[in-house]
Each structure stands twice: as C-alpha cells, then as structure tokens.
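Please read the structure below before turning to the comments.
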2 protein chains.
Amino acid sequence: MATHDADPTRVLKGRDDTTCRVREVLDRVGSKWSLTVIHELGPGTRRFTEIKDAVPGISQRMLTETLRLLERDGLISRTVHPVVPPRVDYELTPLGRTLLDTVRTLLDWALTHIDDIDKARDAYDTRT
Amino acid sequence: MATHDADPTRVLKGRDDTTCRVREVLDRVGSKWSLTVIHELGPGTRRFTEIKDAVPGISQRMLTETLRLLERDGLISRTVHPVVPPRVDYELTPLGRTLLDTVRTLLDWALTHIDDIDKARDAYDTRT
DNA sequence: CGGAATCCTCGTGGATACTG
DNA sequence: CAGTATCCACGAGGATTCCG
C-alpha cells in the first residue's frame, strides 16, 4: 500500500488499517479549525497572536491545540525565538503547502456552490 | 458576491457574511460522516441499511441526521417507496456529484501523503 | 425496514487565572 | 507574548425502545 492509489473511489470501501488511517487524516484535516489555520498560513509566516486575531471565534486553547496537531503531522513548523517578549513563528512546511492546494479546491467548491446550497435549504425548509 | 471568486486565497480572510457561509459549508462537508456517506453514494443509489452497513461505526441516529442535512443542502435526494416493508433510496444529486469530485481530490491527497504524516508523527513523538 | 423519541453519558472546548 | 493548568457547562452522540 502506502503511496498513490490509482482508484480513489475505493479507498473508503474496505475496513482495513489503510482505510482507518485515511479516515483519521480526513478527521484531522476536516476538523473545525485546521483548514482555516492552514489557509491563514498560506501567504507566509505568522505569529501566534496574528493567527488568533485573524481567525474569528477561535480560543487560545483551541489555537494552541490545532497548531500542535498540525505540527505533529508535519504540516506546519514552529520556530521559537529566544527573545523577550517571546516570539513564535508558524509557517507551512512543503508538505503543508501541498495540502493548501487541495484546501483551495475545497474552498473554491464552497464559493462556487454556496448559492445552490442556499436555495436547496430554503426549498427544503418551506416544504416541511 | 455569490458566484465564483477568482482568488480563493482570500475567501477566509474577511469577516463578512460570505466568509461565515463558506465556513458553514466547510463545517457541513467536513463533518465526521458526510464525506464518507457522499463517497459511499458515489457508485449509485443505495438504501438506508446498505449505507449503514457500509460505513463502519456510524449509528442509526447519526446516519439519519447526516442524510437529512445532506438532503437539505441539496447534495443527495431521498426517495420513499410506498411498499411494505418500507424502502427508501438515497442518491447523489447533480450538485452532490460535483462535490464528489472534490472529495476524491481530498481522499487522493490523504492517500498520497499518509506515509509522510506517519513519519512526521513518529519524529514528533520521539523528540518530545 | 427506516426511522422518531427518550435518556444519559462523556468529551469538547470556553472562561479564567497563572507563568516563563 | 505565548502559552499551561484547572474547572466546568453544554451539547454531540451512543444505547435503547417504540412505531408506521
């Protein structure tokens, strides 16, 4: 297994370890804040507070945890500068950058079809 | 606003309604079971119990709710056959089918980089 | 078969206070 | 500034039961 599968239509079909790992990765990537944080680091390096301010609604705790998980997965890097006051920089790794492209595909889909979804919801809500 | 944005790198930057809507769509699409269910309907129409059996770990309640939300968003259609015993068929709408392509991009990414992530995790866990 | 309703648990995550 | 630690509320969601 391991590398690239020619038929992505089957990756969720089985119940083996690979399947579970893919689900695991999707859970990480699809979690509430990960996509937003990754996207926020797209343009370049940013500090903790900068990210916090840029992501409305995220708490200190959640940002810390999200950054840690993404760092553990090798998607972002964390650089601590031994100065006072402390300064910590976060940036996408090359691996994280490949995900950024995929994320943009998703964002693009959302933007493109958001109106269709709105109409579908209105129709559903009125006929019930 | 509304239709297609030429620069997807900015869609999450602002704090206006459009931004929130995109986040909302991503929350829906990225929720725990949605991607799996959509993927499961990729090959064609399926019944409630078929989907339940095909998605390991999902509960009756969660499958019902996931299907309802996806139906409300216009991504899947629900067809009740007035027979006994009851029979309900679910299938992707044309809109849902466009998302399927995007989902496959994500799955493809996960499959391609799952090994890199594993290595990154091991490295992180050992150096801490 | 395909749900809806009820109950109850358990983890997520916010608020707050403290620290190097 | 960039966290960590503690407490606690709330809601997601599992298990179970009942129904058309």
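Since we're looking at a predicted model, the values are computed, not measured. Chain naming here is simple, since letters A, B, ... match the order of the sequence lines and numbering starts at 1 in each.
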_Between B:Thr102 and B:Leu99, is the side chain to side chain contact (heavy atoms under 4.5 Å, CB included) condition met? List the steps._
CA-CA 5 Å; B:Thr102 308; B:Leu99 180 56; 4.2 Å; yes

Is it true that B:Leu75 and B:Val80 fall in one hydrophobic cluster, defined by side-chain heavy atoms closer than 4.5 Å?
yes

Would you classify B:Pro86 as touching base, sugar-phosphate or nothing, given that sugar-phosphate means primed atoms plus P, OP1 and OP2, and contacts are heavy atoms under 4.0 Å?
base

In whole angstroms, the gap separating P of C:dC1 from CZ of B:Arg46 amounts to 16 Å

With the side chain defined as heavy atoms from C-beta on, B:Arg78 is closest, among C:dG3, D:dG3, C:dC1, to C:dG3

When we call it a touch if two heavy atoms are under 4.0 Å apart, what does B:Glu65 touch: a base, just sugar-phosphate, or nothing? nothing

Out of D:dT4, D:dA2, C:dC7, minimum distance to the side chain of A:Thr49 belongs to D:dA2

Rounded to whole Å, the CH2-P distance (B:Trp33 to D:dA12) equals 16 Å

Looking only at C:dG14, D:dC1, C:dC1, the nucleotide nearest the B:Arg47 side chain is C:dC1

Looking only at C:dG3, D:dG3, C:dG14, the nucleotide nearest the A:Ser59 side chain is C:dG14

Ranking D:dT16, C:dC1, D:dG3 by distance to the side chain of B:Gln60, first place goes to D:dT16

With B:Trp109 as partner, the option from A:Thr98, A:Thr105, A:Asp101 fulfilling side-chain hydrogen bond (donor to acceptor under 3.5 Å, both in side chains) is A:Thr98

If you compare every side-chain N and O of B:Tyr90 against the phosphate oxygens of C:dG3 (OP1, OP2), does one of them come in below 4.0 Å?
yes

Side-chain atoms of B:Phe48 come closest, of C:dA15, C:dA4, C:dG2, to C:dG2

B:Glu71 atom CD is separated from C:dG2 atom C1', nearest whole Å, by 14 Å

Side chains of A:Glu40 and A:Tyr90: closer than 4.5 Å at any heavy-atom pair? no

Quiz prompt | A:Arg61 (side chain) and C:dT16 (base): donor-acceptor pair under 3.5 Å | solution = no

Closest non-hydrogen contact found for B:Lys52 with B:Gln60 is CE-N, 4.0 Å

When rounded to whole Å, the CD to P distance for the pair A:Glu50 and D:dG3 reads 13 Å

To the nearest angstrom, the CG-P distance between A:Asp89 and D:dC1 comes to 14 Å

Checking D:dG13, C:dG13, D:dG3 against the side chain of B:Met62 (C-beta onward), the nearest is D:dG13

From CG of B:Leu63 across to P of D:dA12 the rounded distance in Å is 18 Å

In whole angstroms, the gap separating P of D:dG14 from CD1 of B:Ile58 amounts to 8 Å

